[in-house]
There are 2 protein chains.
Amino acid sequence: MNERTPPDENEGLGTAGNGQPPTLKTIAFMTGLGVTTVSRALKDAPEIGAETKRRVQLVARQIGYRPNRAGVRLRTGKTNVISLVLDTEEQIGGFVSEMIYGISEALAHTPYHLVVTPYSRNNDPLEPVRYVVETASADGVIISRTEPDDKRVRYMTERGFPFATHGRTHMGIEHPFHDFDNYAYSVEAVKKLAGLGRKRLALLAPPSNLSYYRHMRDGFADALMEHGLAEVPFPTATVDHSIEDIRAVTAELMRRPNRPDAFVSGAGAGTFALVAGVEDAGFRLGEDVDIVSKQSSKLLHLLRPQLYVVNEDVRLAGHELATAVLGRIAGRDIASLQSLSKPSTVEAYETSTPGKSNG
Amino acid sequence: MNERTPPDENEGLGTAGNGQPPTLKTIAFMTGLGVTTVSRALKDAPEIGAETKRRVQLVARQIGYRPNRAGVRLRTGKTNVISLVLDTEEQIGGFVSEMIYGISEALAHTPYHLVVTPYSRNNDPLEPVRYVVETASADGVIISRTEPDDKRVRYMTERGFPFATHGRTHMGIEHPFHDFDNYAYSVEAVKKLAGLGRKRLALLAPPSNLSYYRHMRDGFADALMEHGLAEVPFPTATVDHSIEDIRAVTAELMRRPNRPDAFVSGAGAGTFALVAGVEDAGFRLGEDVDIVSKQSSKLLHLLRPQLYVVNEDVRLAGHELATAVLGRIAGRDIASLQSLSKPSTVEAYETSTPGKSNG
DNA sequence: TGCAAGACCTGTAACGTTTCAGATGCGTAT
DNA sequence: ATACGCATCTGAAACGTTACAGGTCTTGCA
């Protein structure tokens with residue numbers, strides 16, 4: 001009695017050059033089934049006959065059916081979106097590109113899209129997060145520039161909103177994260193410099209409000225202690241400062257009587273400025289001063305083989321973070337969604353070109 | 001007779017901590033109007049009384065109403081999304097971050113979201129574009145790595161889908177674009193090198209399938225001609241090659257009898273490798289060889305002040321591209337959505353630190 | 001034979017929005 | 001008075017999806 005009504009204007013195959021993209025209604029018409037049945041068949045519901053399921057799925061595949069995102073989202077509230085919240089004042093250095101590629105990689109074979117939600121460091125960092133949560137414009141959020149006591153983490157946790165952080169917190173809240181082990185990094189860095197006979201080290205640290213400031217600082221301090229070395233305070237520069245600032249401040253530091261004979265640097269771009277500043281003051285890398293630096297792009301060695309570098313794989317971080325939010329959305333155990341990436345060993349240029357010695 | 005029905009579960013203010021976010025229904029209930037009227041009042045429709053409009057808009061603002069994106073999208077097909085189609089094999093160098101920030105900036109005070117749609121250079125570049133267009137998952141697309149005869153441009157043009165390209169095409173199709181004037185760049189670069197007395201120039205070019213390969217090459221060739229200089233062929237390296245490859249190939253080139261005495265480089269990261277390669281072969285920058293390079297991050301001068309650089313503002317490019325797609329979506333004239341960014345003058349380190357001379 | 005249980009399928013309603021085709025009421029020209 | 005035009009407002013329908021509450025038919029068992 002209830003004749004199937006063909007979707008208006010839509011005569012049949014979705015593949016053949018007809019108008020609108022196929023919907024459940026299209027498939028329902030083609031198979032002679034009800035829309036509900038088709039919907040359920042496509043998600044392998046147990047109350048649909050095996051044969052019917054196969055038939056529906058075959059047709060759907062043939063005509064290239066894709067669920068309409070707006071329909072799903074309106075009905076279920078599920079957006080199939082992950083939001084990456086980004087600071088647009090971010091220092092130059094390509095960090096973000098790699099992160100995005102890593103996330104994309106992890107999202108590639110899921111229905112998830114990646115949307116970038118920017119904010120300016122000068123405004124409230126909570127704002128973009130609140131926007132996403134309030135408007136339910138994503139199913140999960142990835143944030144960076146994590147602080148030890150992070151408002152955003154508290155906010156999302158309180159509301160049960162899935163998220164993952166790049167960097168850890170210290171506020172008694174368990175949540176998914178990925179972090180680079182900056183403690184281990186600076187321990188290794190100091191160890192390397194100690195081995196080179198350096199005595200007076202300075203640290204180009206992250207801004208002190210970020211979590212990894214503590215980690216990097218603690219590693220630095222502990223290792224100094226262990227090796228009996230001294231720290232030359234260098235508080236006026238952080239990896240967030242502009243290239244020009246770091247350069248100028250470094251040069252100034254180097255002109256003081258109590259200048260350092262080595263640096264540990266928390267960021268690749270900062271290291272460029274560090275090197276320039278050291279040289280501005282008339283000192284030579286590898287002779288007067290040694291520097292160990294983290295880097296995410298592998299450019300440092302090209303122009304200063306005397307540098308010691310540790311590579312941070314930001315693409316991997318992106319991948320891990322995306323996997324973690326997805327896991328959280330799927331309701332997986334938080335503990336399984338936390339990962340810490342150990343630094344590679346300190347690389348000297350000499351590893352690939354033996355023959356030069358330093359000391 | 002027809003009593004307004006309060007939105008279920010939703011007692012009133014959206015601001016006060018109640019459950020769901022406010023919808024048109026919420027406002028309709030609060031104002032005693034119909035949903036239709038509210039919808040129209042919010043978009044300043046002429047058939048709504050002035051007083052009513054003010055009332056509705058006041059209430060909407062007070063309770064923090066935001067149109068539900070899924071609702072709008074389902075009804076109208078408008079997604080309020082711009083898709084940035086990205087090549088995930090992109091060479092290191094931070095290009096993409098800046099581009100994204102520029103786009104975000106332009107999108108900030110619009111209802112548009114930015115979604116990143118990645119693809120691998122190894123797969124069909126048309127695929128992600130086709131996906132977006134077929135599933136109507138965005139209102140507009142931004143593509144880069146534009147080719148002279150670009151399948152994606154043809155595809156979207158044929159379907160009347162709004163887009164903007166980073167780079168121009170040469171296929172008889174007018175479309176919005178933003179481009180850096182790479183012709184002018186290499187002309188300026190060659191001119192600089194000619195002025196320095198260089199005679200035998202090599203070009204680290206883009207891959208030959210991309211549009212700006214032609215531009216950069218033509219500028220290079222024309223300027224060589226004008227200044228009576230020779231080109232040393234350097235076809236085995238492009239800015240797309242890996243750092244290691246460029247470095248090795250450059251070193252090899254420099255060891256040949258007919259080595260160049262200058263380079264023009266099409267990319268900042270490539271220049272790092274170029275410099276390293278030149279030096280690997282035992283030559284010195286500023287003495288045996290001069291290099292003019294484009295850069296988007298300003299790191300080159302820090303470690304090689306002898307370099308000559310031209311800055312390419314990629315953030316600006318992002319801004320322009322976003323503005324262009326939005327303009328296209330708004331139906332604006334194509335001619336007004338095309339922009340070409342002139343290169344800055346060639347900068348030497350010496351401009352800021354006078355006293356050193358080179359010759 | 002009767003009936004409950006299951007297997008399989010179905011229509012309706014709802015998510016929030018906008019478009020369509022009116023409805024209502026009022027002032028004015030006839 | 002009647003008709004008309006105008007200003008202002010209105011409900012119903014539709015976009016594509018899924019949850020809900022059945023419907024129908026077959027099968028098994030008392």
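Keep in mind it's a predicted model, so treat the numbers as computed, not measured. Chain naming here is simple, since letters A, B, ... match the order of the sequence lines and numbering starts at 1 in each.
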Find the distance L33(A):CG to dG11(C):P and express it as a whole number of Å.
10 Å
Can you measure L74(B) atom CG to dG16(C) atom C1' for me and round it to whole angstrom units?
9 Å
Between I27(B) (CD1) and dT10(D) (P), how many Å, whole number?
14 Å
Do any side-chain nitrogens or oxygens of T52(B) fall under 4.0 Å of OP1 or OP2 in dC9(D)?
yes
Evaluate the side chain to side chain donor-acceptor pair (under 3.5 Å) criterion for residues S211(A) and E147(A): first the C-alpha distance (whole Å), next the side-chain angles of each, then the deciding distance (0.1 Å), finally the verdict.
CA-CA 5 Å; S211(A) 297; E147(A) 306 185 11; over 6 Å; no
Side-chain donor-acceptor pair under 3.5 Å between T79(B) and D139(B), yes or no?
yes
List the steps and the verdict of side chain to side chain donor-acceptor pair (under 3.5 Å) for T117(B) and S83(B).
CA-CA 6 Å; T117(B) 307; S83(B) 168; 2.8 Å; yes
Find the distance N68(B):CG to dG16(D):P and express it as a whole number of Å.
17 Å
Enumerate the protein-to-nucleotides 18-23 of chain D contacts in which both atoms are nitrogen or oxygen and the separation is below 3.5 Å.
residue : atom : partner : partner atom : Å
dT18(D) : OP1  : K43(A)  : NZ           : 2.7
dT18(D) : OP2  : S39(A)  : OG           : 2.7
dT18(D) : OP2  : K43(A)  : NZ           : 3.4
dT18(D) : O2   : R75(A)  : NH1          : 2.1
dA19(D) : O4'  : R75(A)  : NH2          : 3.3
dA19(D) : N6   : T36(A)  : OG1          : 3.3

How close or far is atom C1' of dC9(D) from atom CD of E51(B), stated in whole angstroms?
14 Å
Let me know the distance between CZ of R73(B) and C1' of dA14(D), rounded to the nearest Å.
18 Å
Would you kindly say whether T88(B) and S120(B) are connected by a side-chain donor-acceptor distance under 3.5 Å?
no
Side chain of K25(B), heavy atoms from C-beta onward: which of dC9(D), dC15(C), dC9(C) has the nearest atom to it?
dC15(C)
Atom-to-atom span, CG of N80(A) to C1' of dG16(D) - whole angstrom:
14 Å
Is it true that T169(B) and H175(B) share a donor-acceptor pair across their side chains at a distance under 3.5 Å?
yes
Roughly, in whole Å, what's the span from NZ in K78(B) to P in dT19(C)?
12 Å
Are S97(B) and S97(A) linked by a side-chain donor-acceptor pair shorter than 3.5 Å?
yes
